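A quick write-up on the structure given underneath.
Letters go in sequence order (proteins before strands), and every chain restarts at 1. For clarity, every value in this text was computed on a predicted model and none was experimentally measured.
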Amino acid sequence: MSSALVETPCGPLGVVWDRDLVTRIELDPTPAFMQDATGPRPDWLLQPILNYFERPCARLELPVHVQGTAFQQRVWAELRQIPCGQTRTYGAIARQLGTSPRAVGQACRANPCPLVIPCHRVVAVSGLGGFAGDLHGRKLAMKRWLLKHEGVVLDGSLVADRPGSRDDRSRGGP
DNA sequence: ACCATGGGAGCAG
DNA sequence: CTGCTCCCATGGT
């Protein structure tokens with residue numbers, strides 16, 4: 001198992017791999033990860049990632065091995081079908097799969113390989129939804145950056161993190 | 001129980 | 001009719 005840091009326009013990326021397969025991508029690497037990530041960054045890992053940031057809509061050909069339940073694999077496969085520059089709502093994915101929007105959200109949250117599995121292209125029907133486990137803050141700024149980078153026009157509900165509601169406040173704030 | 005939701009009801013302008 | 005608030009059904013972990 002090896003790890004490396006890759007500097008990108010949207011922040012540092014932590015990448016973990018086993019032999020020649022990527023198992024995890026961290027959008028917000030912890031200091032502990034930074035210390036550990038001193039290994040070499042092989043070409044097969046670096047090139048596709050740098051290429052994505054240069055030309056986001058070219059195919060991202062990174063060999064990945066993602067572990068997840070059968071349901072999660074099903075959701076992730078569906079996310080990979082979303083074309084670059086487009087978004088889908090949690091509900092739309094859910095209908096397509098015959099499940100519920102929240103279940104889709106949970107599967108997105110469990111995604112170990114952002115970018116490769118483009119969960120940033122999934123948004124809520126009235127808001128941006130979450131990203132990398134968060135609903136507010138820096139990670140959401142990244143989500144916006146990625147979408148914009150891919151050519152999505154961020155209008156209306158997508159410019160803010162999430163429509164404020166008393167529901168959220170009573171369940172504990174950011 | 002917990003959720004990265006959605007749709008509907010009720011209410012004020 | 002529009003734009004808020006709640007409020008709860010939902011399906012997978």
Side-chain angles (χ1 to χ4, degrees), chain A residues 6 8-16 18 22-30 32-33 49 52-53 56-57 60 62 64-174:
Chain A
V6 182
T8 75
C10 84
L13 224 66
V15 186
V16 179
D18 195 4
V22 170
T23 59
R24 190 158 52 97
I25 294 179
E26 301 227 346
L27 282 170
D28 195 14
T30 62
F33 187 103
I49 293 178
Y52 168 80
F53 283 97
C57 288
L60 177 51
L62 199 60
V64 291
H65 174 70
V66 284
Q67 250 183 91
T69 66
F71 174 78
Q72 287 165 346
Q73 304 276 3
R74 224 152 57 88
V75 174
W76 298 339
E78 201 65 31
L79 300 196
R80 295 229 222 189
Q81 306 286 92
I82 307 174
C84 180
Q86 295 188 26
T87 60
R88 299 279 184 279
T89 62
Y90 297 98
I93 302 287
R95 279 195 302 277
Q96 216 146 38
L97 262 43
T99 180
S100 84
R102 285 199 98 133
V104 171
Q106 263 190 148
C108 290
R109 180 175 201 174
N111 171 19
C113 290
L115 307 189
V116 179
I117 297 165
C119 48
H120 57 280
R121 298 185 190 142
V122 188
V123 299
V125 78
S126 61
L128 192 59
F131 193 50
D134 275 326
L135 288 90
H136 320 271
R138 212 172 82 75
K139 308 234 180 110
L140 271 290
M142 283 189 199
K143 183 172 186 173
R144 248 184 247 106
W145 189 93
L146 290 168
L147 289 175
K148 203 171 157 192
H149 185 55
E150 294 183 353
V152 177
V153 280
L154 300 182
D155 61 341
S157 62
L158 295 188
V159 299
D161 277 12
R162 205 173 126 150
S165 85
R166 190 142 300 174
D167 288 12
D168 302 330
R169 282 193 280 274
S170 56
R171 284 190 216 131

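In this structure, the NZ atom of A:K143 is 7 Å from the C1' atom of B:dA4, given to the nearest Å. When the C1' atom of B:dA4 is taken as reference, atom CG of A:L140 falls 9 Å away, rounded to whole Å. The CG atom of A:L158 sits 19 Å away from the P atom of B:dA4 (whole-angstrom rounding). As a whole-Å value, the separation of A:R102 CZ from B:dC2 C1' is 9 Å. For A:L135 and B:dC3, the CG to C1' distance is 9 Å, given to the nearest whole Å. Taking atom CD of A:E78 as the reference point, atom C1' of B:dA4 lies 18 Å away to the nearest angstrom. Distance, A:L97 CG to C:dT10 C1': 15 Å, rounded to whole Å. For A:I93 and B:dG6, the CD1 to P distance is 11 Å, given to the nearest whole Å.
A donor-acceptor contact shorter than 3.5 Å is absent between the side chain of A:K143 and the backbone of A:A132. Side-chain N or O atoms of A:E26 include none that pairs as donor or acceptor with a backbone N or O of A:V16 at under 3.5 Å.
Checking A:V123 against A:A103, the closest nucleotide of DNA chain B that is more toward the 5' end is the one next to A:A103.
A:A132 comes within 4.0 angstrom of a nucleotide base, judged by non-hydrogen atoms across all strands. Contact annotation for A:F71: backbone-only contact, meaning every heavy-atom pair under 4.0 Å involves sugar-phosphate atoms and none involves a base.
Looking at A:R88 and A:E78, no side-chain N of the basic residue comes within less than 4.0 Å of a carboxylate O on the acidic one, giving no salt bridge.
Distance from the side chain of A:Q72 is smallest to C:dT13 among C:dT13, B:dT5, B:dA4. Checking B:dA4, C:dT10, C:dG12 against the side-chain heavy atoms of A:S100 singles out C:dT10 as nearest. Taking every side-chain heavy atom of A:C119 into account, B:dA4 is the closest of B:dG7, B:dA4, C:dG11.
OP1 or OP2 of C:dT13 lies within a sub-4.0 Å distance of a side-chain N or O belonging to A:T69.
Within the shown strands, nothing qualifies as a pairing partner of C:dT10 under the Watson-Crick or G-U definition with both distances less than 3.5 Å. With a 3.5 Å ceiling on both atom-pair distances, B:dA4 lacks any Watson-Crick or G-U wobble partner.
Here A:H120 contributes atom NE2 and A:L79 contributes atom CG; the two are 10.0 Å apart, rounded to the nearest 0.5 Å. Here CD of A:E150 is found 9.0 Å from CH2 of A:W145. Values are rounded to the nearest 0.5 Å.
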